[in-house]
Structure formats: structure tokens, C-alpha cells
Number of protein chains: 2
Amino acid sequence: MRGDIVAGNGTDPELGTRKRFRQGQILKLISSENISSQDELRRRLGHVKLQVTQATLSRDFHELKVVKTAAGYKPLTAVSEEAAALPPLGRALREYLLDLRPAANLLVLKTPPGGAQPLAAAVDAERMKEIAGTIAGDDTILVITPSPAARALVQKRMEELLR
Amino acid sequence: MRGDIVAGNGTDPELGTRKRFRQGQILKLISSENISSQDELRRRLGHVKLQVTQATLSRDFHELKVVKTAAGYKPLTAVSEEAAALPPLGRALREYLLDLRPAANLLVLKTPPGGAQPLAAAVDAERMKEIAGTIAGDDTILVITPSPAARALVQKRMEELLR
DNA sequence: GAAAGCCTCGTATAAATATGCAGGCTTGTG
DNA sequence: CACAAGCCTGCATATTTATACGAGGCTTTC
């Protein structure tokens, strides 16, 4: 027996209308203004005659699939959810690469112990035509290209993937 | 003078290498396993000989633009960031629509007071060929279509946008 | 029309995340 | 070498978010 004044469906003429309206306002506010917390949003909604608690907004965000990003709250559509994942090689490089050294037509990649095999596999999987082949030990990979020019190209691509 | 044992750059052979490696592992872990908090992630990283605090992971997430979604942590690429926004009509409907009533070849939309004009503008902007025209008052919009069939189509589309 | 099932939502609080501060590294620079 | 600057990070804690619980309203069912 803690709460006293409770809401129910409030003054709803139709079922769930208040909620839907509020969620619409939420989407509008987060896309226009720069809101930095659910509590701030709660205060803004007050201006529009919508009184709710932070808890409700947390639930709304969940339903609307709104996430908090460095640049404010964003609705996450099905589309954008899929797009979220690094390409294999990019991920492998980030994961394992410690050093990348050019040597004429060769590229020497250093990894932590045991990292060479998996990273080499990712490089191979990329099937870059500039790569003649790879040899991987325990913490070192030799990437062999036909020429220094090709090597430069491969190197550039890897550096971009690391960004 | 609170902390005693502090990390600095640790055993880094190269500057910032440890950090990069850790961030790679983070991306790998969050994409494969189902991690539900930064602290859980911290424990997982322990298995791979990476000792860090939750605070550091929070900072890593920020740098990697990783956000927390209902379905785990996701890296937010530039691409997916753009995709985040509802189409105008969908947003307007969510924002204003209280009720949607069919009537022969007409569709009556109810909004909160003052909502009719903006919503009607969004409907007009959509330029659906099944819509002959709209008339908006203060809290009601009349959408006029040539036939009941066209009306059904428009209605269906709006309901989908609301879903 | 009472019971059961469902929503929606507030309260209180637990859980998760972000951050101010300080210290250890490393890298210049005079 | 001493000193300053910049980084990465831990610690402690402030801030933010999620949730267990229960209330009240609505609808459906017998």
C-alpha cells in the first residue's frame, strides 16, 4: 500500500489514446530538441500538458525502440538495426592487429599471441585480388603481394578499415 | 589522494595498443554473445586476460559509438544513424492522430485541439493519388477520396504507418 | 454484476551508466 | 635532467535508466 493517487487510463476517450499521443510527442521532441535525459524530457512534456513520470518514459522508449546515443535519443528502425555490424575483415583487424609493417612487396602484420591464424583467415576470406597469399605463424602474418604498388594498395585498404 | 594502484598505460609495447585491442574484443563480444550490462562485459573480458573497470567500458562504448538496444549493444554506424527517423506522415500520425473513422468515401481524422492543420499538411505532402483533397478544422480532418475502395486503401496505409 | 484478465501508470528502489578527479605513463622541449 | 602536456585509466560517486509491485480502470465472460 504505497501509492495513493494512481492513473489508470485517465480521461481517455478511447483505449490507449493518451499513450499513443504522448509517444508521438516524444518522437517529435527528441527529433527536434536536444534532450539529454528522460527526466528532462519529462519536464518538456509538462509544457505540453502531459504529466508523466520518468518510469513511463523509460517504458515508452522501450516500446518505440528509442536508444540513447552520443547525439541524443534516436528511434532505431528495423533497417538501421541490421546495418549495425562491422564487416568481417574490419572487425578482425580491430580485434587482432597490433602493428602493420610494409616491406617491399610484403606486409607484416603483428597480433597478440595466437591472433595470427584467425586474422589471416579473415584476410583470406576477403579475397582481395592484390593479395597473392598469406602465411601465418602464431603472432605474425606475412601478406604477399605481386608488387610494392599492390602492397601499398592493400595497406591503404587495411588502414581505412581500421580508421 | 584516493586511488592507490593505478594503471597508466600498463605493459603496452606500443602506445594505445592495449586500448585498441580491448575495443576489438569488445566489438567481437557484443556481436556474438548476449551481453546485458557493461559490468557483465567487464567480467567476460576478464576471461581473455583483460582487466578493466566499468568506467573504461563506458568510455569505450562512447568512442565506438556503441548503443544499448533492447537486443543488446550495437555499434551505430554512420549509415544507421541517418536511417533513424520516421517518415513525415508516419510521425505526424503518431503525433496527432486520436481517431480514424471511415465513412463511405470519406475518412474522418480526429486530433487533439489544434492538431488538425499540421496533420492535414503532412497528409497533403504525401500526395497520395487516392486522395482527392482534405479539409481541416481545429481538431478534425476530412480526407476525401473518389470511392469507398480508395478510402479503404488510404485507411489501410495510415493504419500501417501507425502500427 | 462479480470475477478474471488486460492495460497503463505511479512509487520506490535497484541496476546501470557517466563523470570529476587524480595518478602513472610516455613524449617532447628547454 | 626537470618540467609540461597529453593519454589512458581507476576510484568514488553522481546521474540516469529499468523494474518490482500494486492501484485503478476497462472489457469480457459466465
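The sequence lines fix the lettering, A, B, ..., with proteins before strands; numbering per chain opens at 1. FYI, side chains are in, hydrogens and waters are out, and symmetry mates aren't considered; it's all heavy atoms of this structure.
With hydrogens and angles ignored, no donor-acceptor pair under 3.5 angstrom links the side chain of A:Arg42 to the base of C:dG10. Counting atom types as modelled, B:Gln54 pairs no side-chain N or O with a base atom of C:dA16 as donor and acceptor under 3.5 Å.
Straight-line distance from the CD1 atom of A:Ile35 to the P atom of D:dT17: 11 Å, rounded to whole Å. Taking atom CD1 on B:Ile26 and atom P on C:dT17, their separation rounds to 13 Å, with Å as the unit. Note: NE2 (B:His62) to C1' (C:dA16) measures 17 Å, nearest angstrom. Summarising the geometry, the separation between CZ on A:Arg59 and P on D:dA20 is reported as 10 Å, rounded to the nearest angstrom. Taking atom CG of B:Leu41 as the reference point, atom P of C:dA18 lies 13 Å away to the nearest angstrom. Spacing between atom CZ of A:Phe61 and atom P of C:dT17 amounts to 16 Å, rounded to whole angstrom units. Between the CG atom of A:Leu57 and the C1' atom of D:dT19 there is a distance of 15 Å, rounded to whole Å. Rounded to an integer number of Å, the gap from B:Leu64 CG to C:dA18 P is 13 Å.
Considering only side-chain atoms of B:Thr53, the nucleotide from C:dA16, D:dC11, D:dC21 that sits closest is D:dC11. Nearest to the side chain of B:Ala55, among C:dT19, D:dT17, C:dT17, sits C:dT19. Distances were taken from every side-chain heavy atom of B:Thr56 (C-beta onward) to each of D:dT17, D:dT9, C:dT17; the shortest belongs to D:dT9. The side chain of A:Lys68 sits closest to D:dT17 out of C:dA16, D:dT17, D:dT19. Taking the side chain of A:Lys19 as heavy atoms from C-beta on, and the options D:dG10, C:dT8, D:dA18, the nearest nucleotide is C:dT8. Taking only side-chain atoms of B:Arg22, from C-beta outward, the nucleotide of D:dT9, D:dT19, C:dT17 with the closest atom is D:dT9. Here the nucleotide nearest the side chain of A:Ser37, chosen from C:dA16, D:dT17, D:dC11, is D:dT17.
Ion pairing between B:Arg59 and B:Glu63 fails under the 4.0 Å rule for side-chain N and carboxylate O. Here B:Glu130 does not pair with B:Arg157 in a salt bridge; the nearest charged N to carboxylate O distance is not below 4.0 Å.
A salt bridge (charged side-chain N to carboxylate O under 4.0 Å, His left out) with A:Asp60 is found for exactly one of A:Arg22, A:Lys19, A:Arg20, namely A:Arg22.
The same ILVMFWY cluster, assembled from side-chain heavy atoms under 4.5 Å apart, contains both B:Val108 and B:Ile144. Under the 4.5 Å side-chain contact rule for hydrophobic residues, B:Leu93 and B:Met128 share a cluster.
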Derivation of the side chain to side chain contact (heavy atoms under 4.5 Å, CB included) call for A:Leu107 and A:Thr145: CA-CA 8 Å; A:Leu107 213 46; A:Thr145 70; 5.9 Å; no

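One finds a side-chain N or O of B:Tyr73 lying less than 4.0 angstrom from the OP1 or OP2 phosphate oxygen of C:dT17. An OP1 or OP2 oxygen of C:dT17 is reached within less than 4.0 angstrom by no side-chain nitrogen or oxygen of B:Ser58. Under 4.0 angstrom from either OP1 or OP2 of D:dA18 there lies at least one side-chain N or O belonging to A:Gln38.
Residue-level contact check: B:Glu63 touches neither bases nor backbone, having no heavy atom under 4.0 Å from any strand. Using a 4.0 Å heavy-atom criterion, one finds that B:Glu40 contacts no nucleic acid atom at all.
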